[in-house]
Amino acid sequence: MMEDAATASNEDIENMFLTMAVEEAYKAVESGDGYPFGAVNVRNDEIVASCHNMVARNTDPSAHAESTAIREACRKLNQVQLDDCEIYASCEPCPVCLGAILFSKIKRVVYGAKAEVAVAIGFDNNIADEVKDTDFFYEKVNLEIKKAEGSVAVIAE
């Protein structure tokens, strides 16, 4: 994968990791572990952790995909700050995941589906309301957050 990543464009790399996050979302549902959300934590174009929502499996309302990927990455790297990592998520991070991202010092997030898509399939509307119009907040905390474009984003939605 490193050779592929070295010769691929930034957009190709983003799409590759975002596709993996979407595949994790499918695993969450297929396995019965949780809801359709996935995340991949990456450092230097290498996967550190690839996880999905584990709320049902762990009977833990905080076991969201991004939070699970952050926990796993921290364990693997034996550190609590992931400022040299980025995270790819199948959906826009909710407030719980955004908090975990901020506390872990991740500086870059790429996501596929907007929070409104989760609302459309029955998730709490408060989550979409909480992440609406947050560009100023992202700038204030020095977090680059990017909505993916193209076919991978469509698949995520």
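What you see below is based on every heavy atom in this structure, not just the backbone, and it leaves out hydrogens, waters and symmetry mates.
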Say you draw a straight line from [atom1] of [X] to [atom2] of [Y]; how long is it, rounded to the nearest 0.5 Å?
X: I101; Y: R108; atom1: CD1; atom2: CZ; result: 12.5 Å
X: N15; Y: E149; atom1: CG; atom2: CD; result: 10.0 Å
X: L18; Y: E11; atom1: CG; atom2: CD; result: 11.0 Å
X: T68; Y: D60; atom1: OG1; atom2: CG; result: 7.5 Å

Shortest non-hydrogen contact between [X] and [Y], atoms and distance:
X: A69; Y: C51; value: CA-SG, 3.7 Å
X: Y35; Y: A28; value: O-CB, 3.1 Å
X: C85; Y: N41; value: CB-OD1, 3.2 Å
X: H52; Y: D33; value: NE2-OD2, 2.8 Å

When hydrophobic residues are tied together by side-chain contacts of less than 4.5 Å, even through go-betweens, does I70 share a cluster with V96?
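They do not share one cluster, since no chain of ILVMFWY contacts under 4.5 Å joins I70 to V96.
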Practice problem: Answer with yes or no whether the hydrophobic clustering places V55 together with V29; edges join I, L, V, M, F, W, Y residues whose side-chain heavy atoms lie under 4.5 Å apart. | Solution: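 No, V55 and V29 fall in different hydrophobic clusters.
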With S50 as partner, the option from E72, K27, E24 fulfilling side-chain hydrogen bond (donor to acceptor under 3.5 Å, both in side chains) is E24
Discussion item. Counting only heavy atoms not in N10 (residues, nucleotides, ligands), do more than 12 fall under 6.0 Å from its CG?
Written reply: no
>> Can you confirm whether R57 is buried at CZ, in the sense that more than 12 heavy atoms of other residues, nucleotides or ligands lie under 6.0 Å from that atom?
In response: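 Counting neighbours around CZ of R57, 12 or fewer heavy atoms of other residues, nucleotides or ligands fall under 6.0 Å, so no.
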When you measure from the side chain of [X] to the backbone N and O of [Y], does any donor-acceptor pair fall under 3.5 Å?
X: Q79; Y: Q81; answer: yes
X: S67; Y: H64; answer: no
X: N44; Y: E46; answer: no

Could you tell me whether the side chain of [Y] reaches within less than 4.5 Å of the side chain of [X], counting heavy atoms only?
X: Y88; Y: E66; result: no
X: V42; Y: I87; result: no
X: D45; Y: F17; result: yes
X: R43; Y: L77; result: yes

Would you call E14 and K146 a salt bridge, taking side-chain N to carboxylate O under 4.0 Å as the test?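 Judged by the 4.0 Å cut-off on N to carboxylate O distance, E14 and K146 do form a salt bridge.
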Test item: side-chain donor near acceptor, R71 and S104, under 3.5 Å:
no
Between S90 and the options N53, V22, V40, the side-chain contact (heavy atoms from CB on, under 4.5 Å) test singles out V22
**OP:** Mind running side chain to side chain contact (heavy atoms under 4.5 Å, CB included) on M20 and I47 for me, showing each step along the way?
**Re:** CA-CA 10 Å; M20 291 177 183; I47 297 170; 3.2 Å; yes
